[in-house]
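Here's the structure we're looking at; comments come further down.
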Amino acid sequence: MTWHQKETDTVLNEFGTSLKGLSADERKERLEAAGSNQLSEKEPLKAWQKIGKHFVDVLIIVLIAAGILKGLTGDYIEMAIIFAVVLINGCISYFQERKAEESLDGLKQMMGMETIILSENKQVTVDTAALVPGDIVLLRSGDVVPADLRLISTSELVIEESVLTGESVPIEKKEMMFDADVALGDRINMAFSGTLVQSGTASGVVVATGDKTELGKINAALLSVAQQTTPLIKKMTHLNKLIVKGLLVLIAFVVVFAVFRYGMEFNLLLSALIALIVAVVPEGLPAVLTMILSMGVNTMAKENAIIKHLPAVETLGAMTVICSDKTGTLTKNDMTVADVITKNGQLDTSAAVTKAEQLLLSVMSSCQDIRTDSCQKLSELSGNPTERALLMYSEPLSGDFLPAIDKLPFHSEHKFMATLHDLPDKSRCLYVKGAPEKLLAQSRLTKQERHYWQTQTDRLTKKGRRVLGFAVKPDFSGQTVEHEDVSDLQMIGLAGIIDPPKEEAIVAVEQCLQAGIAVKMITGDHKDTARAIGETLGMKHTCRVLEGSDIESMSDASLQSLVQEVDIFARTTPEQKLRIVNALQANGEIVGMTGDGVNDAPALKKADIGIAMGIKGSDVSKQAADMILADDHFATIARAVKEGRRLYDNLTKTIHFFLPSSLAQGLVVLVALLTNMPLPLSPTQVLWVNMVTTVALSYAIGFEKAARDTMTRAPRPVNEPILSGYSLFRIFYVSLLVTVPCFIVASQFEDTAVRQTVLLQGIVLSQACYMLSCRELLHPAINRNMFRNKALFISFGALFILQFFSVNTPYGNALLGTVPLSAEQQIQLILVGAILFVIVETEKMITKYLAGRKSRTKLA
Ligand code: ATP
């Protein structure tokens, strides 16, 4: 359609709408007819394709090959069991993935965007998906354009259209009409769905929604929540592949050795090799790790921290600095005007209003962005809390609203806004409001007057007030207002606004400091206001505050050395935020950075964890971030850090639990092969241990609560290897502690079935005891937290039932080739497990003591 070639009135007529917008009922009808304003998804994979994906994994191929070989040798039962395990593993992975997809869909919905429209001349916020053709949309800086719009009015509107045209240079847009058709990128009177509002404001009528938009035609996804995995899981999958490669080398060696040394029969050798393969490969581990991760991400979402990029989960645990905005994140964003200063001192609201005071109240009421019509009630208006506070103050004192002829919208870079009005006396006047120093710099004042306003500003900022100045330029002659016009102003007043810190933020700052995470406040506000708030929040270094202008004149090297000792940055611009992130990262810090504005996107992307605000954040910042705070609270970051640390601990504990089991079973088979002894465990029994008991036990570790020191220890070094030297030592000796004693007990018995059952039961009991130990990596395993993890008892219960089935029932005996054990045999095996537990606990105590001594010596 060539909407750009039509007058706005014609477009409005064709859509049966007006500048006041559609009624709610009309919108409902249109939504049913036009459908939701969403792009249709690419054809999803079919269920069988999704299940099929899980059978092409290298580990599973190895297992399938083992099963086929079993079938070729005529061992159909074992072949069936191996295939059953492959199938179960595939199904677990499929359901796991489906659950993850569902929760991602849920997250997408939580991130669902909203749009401000006019409906019967009232501003209402609606779900972007519910936009209909004919709606009148209001655009602000930072918005993602929600549908294709024919622009009706614009004010300094600049839009970046790279998603559509590939052109990353932003374009200035304005209302106009084209006589002839022009290319998409040149249609400056249109705003297209999915493009980004860099600055300015505008209103426009929706001409296309969903797939009918220009973006819909090229079908590019708007807000993608990429399905990724975390570095730890990637490393683990890589390790698994290495294990398989190592195994193949080992197999080649064993084949040569067994054939030439013992002339082993082909069938026996094959059986042993298959047992070796299924023993060493930790088949269930990737599925268990993914399960722990997706549970953690869901817990975080419930706590209002929405993870967009999965690696952020791990990075959270390694974060060393959080740089936070002030307004709304650390403070309540619940603003109240506490002081109003005129050139004669504090304004007395109980006395009659003078003419000069009337003008000040008029500027407060009219130089703003949230009210567009005098009929709109204050209670129905939403938007900038600073402006709402000023309206709440001025309205009862008869601060009349005057419609603006033109305006320069507020921009945190300029820190002021200006509106042009025709006054009741027919003269034209420019109203300006903004940061006092910006207005004072453009005002005509005597030395005495300047001193007066400066002193009043300092007095208010030192009390922690957010201060705004008000000025006018009477007898203005122009029709429009440009930046150069904001000069020769007459300063008429100041307002001091209270925005108290959030109580939870005070607690969260303390928690972060205890957890070794530095907290920095980066704000656009005045330095004294920021310092006063910083002191109330309990921030560490509040004596020195760096201002944007200081940073501007500083080299990167000086900023890098200063940034460690300064916690408060005031009057900063988004570009300076980016420099601060760079400086911190150059010092080796892992930086979390919050941001809400459109210009914060580069800093959010550069930070190790970009954190966007779910409520007040611009769509652009949400797109750039790794994590979104659904409630905009700083305290949510602290909770997410705790959850991130807990999750990482549980992933590591699970790996520490899984690997000794695999190694132990591998050792059992290898020793048997090299010494030409009969196989101590059949492949089915090995699979039972690997897939059933190990997975059932590891389930409990995923639910482990955060350890007591989670938020009192220093952040984890980010490049910590997946397995430290200590981990390898632990894995190796535990695998010996599992196999050797069980072997010794089993070797007392002549009968193969009894021997195998004893070994199987022994390994499972030892695993259960070791799992208990793995609850804590270095601390004692038996502690109060143990009773808070219900999953632990569920796991033990499940294990008891499974083992009872496998050893004590005829079905279990037939399936696994086991026999019932006597009470005496069982007690012996329980003792073996208990000894393992005591040894591991003692080793942990010694290691903890030695580690403590080492760090004490280092400190000394
Ligand atoms: P933070 O980055 O912590 O959220 P902030 O919200 O205080 O800080 P800005 O919104 O950039 O930062 O505001 C900076 C300054 O601009 C304020 O201290 C105030 O003086 C002025 N200001 C804020 N809002 C407006 C507005 N709507 N109109 C005019 N001036 C404003």
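Here the structure is a predicted model, which is why all the values come from computation and not from measurement. One is the number of the first residue; the rest follow in order along the sequence. Atoms within each ligand, like the ligands themselves, are counted from 1 in listed order.
Between the side chain of Lys462 and the main chain of Ala532, no donor-acceptor pair closer than 3.5 Å is present. The main-chain N or O of Pro403 is found under 3.5 Å from a side-chain atom of His421 such that the two form a donor-acceptor pair. In this structure, the side chain of Lys433 does not engage the main chain of Met417 through any donor-acceptor pair within 3.5 Å.
Between atom 23 (C) of ligand 1 and the options Met521, His526, Arg466, the minimum heavy-atom separation is to Arg466.
Of all the heavy atoms of Arg571, the ones lying under 4.0 Å from any atom of ligand 1 belong exclusively to the side chain. Neither the backbone nor the side chain of Gln368 comes within contact range of ligand 1; no heavy atom lies under 4.0 Å. The side chain of Asn384, and not its backbone, has at least one atom closer than 4.0 Å to an atom of ligand 1 (non-hydrogen atoms only; side chain from C-beta on).
Every atom of ligand 1 is numbered from 1 in the order shown, and the set under 4.0 Å from a heavy atom of Leu468 is 29 (C), 30 (N), 31 (C).
At least one N/O-N/O distance between Val467 and ligand 1 falls below 3.5 Å. Of the N or O atoms in Gly524, one or more lie within a sub-3.5 Å distance of an N or O in ligand 1. Inclusion of Lys326 in the set of residues having an N or O under 3.5 Å from an N or O of ligand 1 is warranted. Checked against a 3.5 angstrom limit, the closest N/O atoms of Asp596 and ligand 1 fall outside it. Remark: ligand 1 and Thr386 share no N or O pair separated by less than 3.5 Å (distance only, no angle test).
In terms of heavy-atom proximity, Gly595 sits nearest to Asp325 at CA-OD2, 3.9 Å.
Between Glu503 and Lys332 there is a salt bridge, with a side-chain nitrogen of the basic residue lying less than 4.0 Å from a carboxylate oxygen of the acidic one. Between Glu437 and Lys415 there is no salt bridge, since no side-chain N of the basic residue sits under 4.0 Å from a carboxylate O of the acidic one. Residues Arg465 and Asp339 are paired through a salt bridge, judged by an N-O separation under 4.0 Å between the basic side chain and the carboxylate. Using a 4.0 Å cut-off between charged nitrogen and carboxylate oxygen, Arg579 and Asp556 count as a salt-bridge pair.
In this structure, the protein non-hydrogen atom closest to atom 5 (P) of ligand 1 is Thr327 OG1, 3.4 Å. The protein heavy-atom contact nearest to atom 1 (P) of ligand 1 is Thr523 OG1, 3.7 Å. Ranking protein heavy atoms by distance to atom 11 (O) of ligand 1, first place goes to Ser412 CB, 3.0 Å. In terms of protein heavy-atom proximity, atom 28 (N) of ligand 1 is nearest to Lys433 NZ, 3.0 Å. In terms of protein heavy atoms, atom 27 (N) of ligand 1 is closest to Glu387 OE2, 3.0 Å. Of all protein heavy atoms, the one lying nearest to atom 18 (O) of ligand 1 is Asp525 OD1, 2.8 Å. In terms of protein heavy-atom proximity, atom 31 (C) of ligand 1 is nearest to Phe410 CE1, 3.1 Å.
Side-chain polar atoms of Lys606 and Gln585 form a donor-acceptor pair below 3.5 angstrom.
Within a 6.0 Å sphere centred on CZ of Arg459, heavy atoms belonging to other residues, nucleotides or ligands number more than 12.
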Pairs of donor and acceptor atoms involving the side chains of residues 519-528, under 3.5 Å and at least two apart or interchain, shall be tabulated with distances.
unit_1, atom_1, unit_2, atom_2, d
Lys520, NZ, Val563, O, 2.9
Lys520, NZ, Gln564, O, 3.3
Lys520, NZ, Val566, O, 2.9
Lys520, NZ, Asp567, OD1, 3.0
Thr523, OG1, Asp525, N, 2.9
Asp525, OD2, Lys326, NZ, 3.0
Asp525, OD2, Arg466, NH1, 3.1
His526, ND1, Asp528, N, 3.0
Asp528, OD1, Arg531, NH1, 3.3

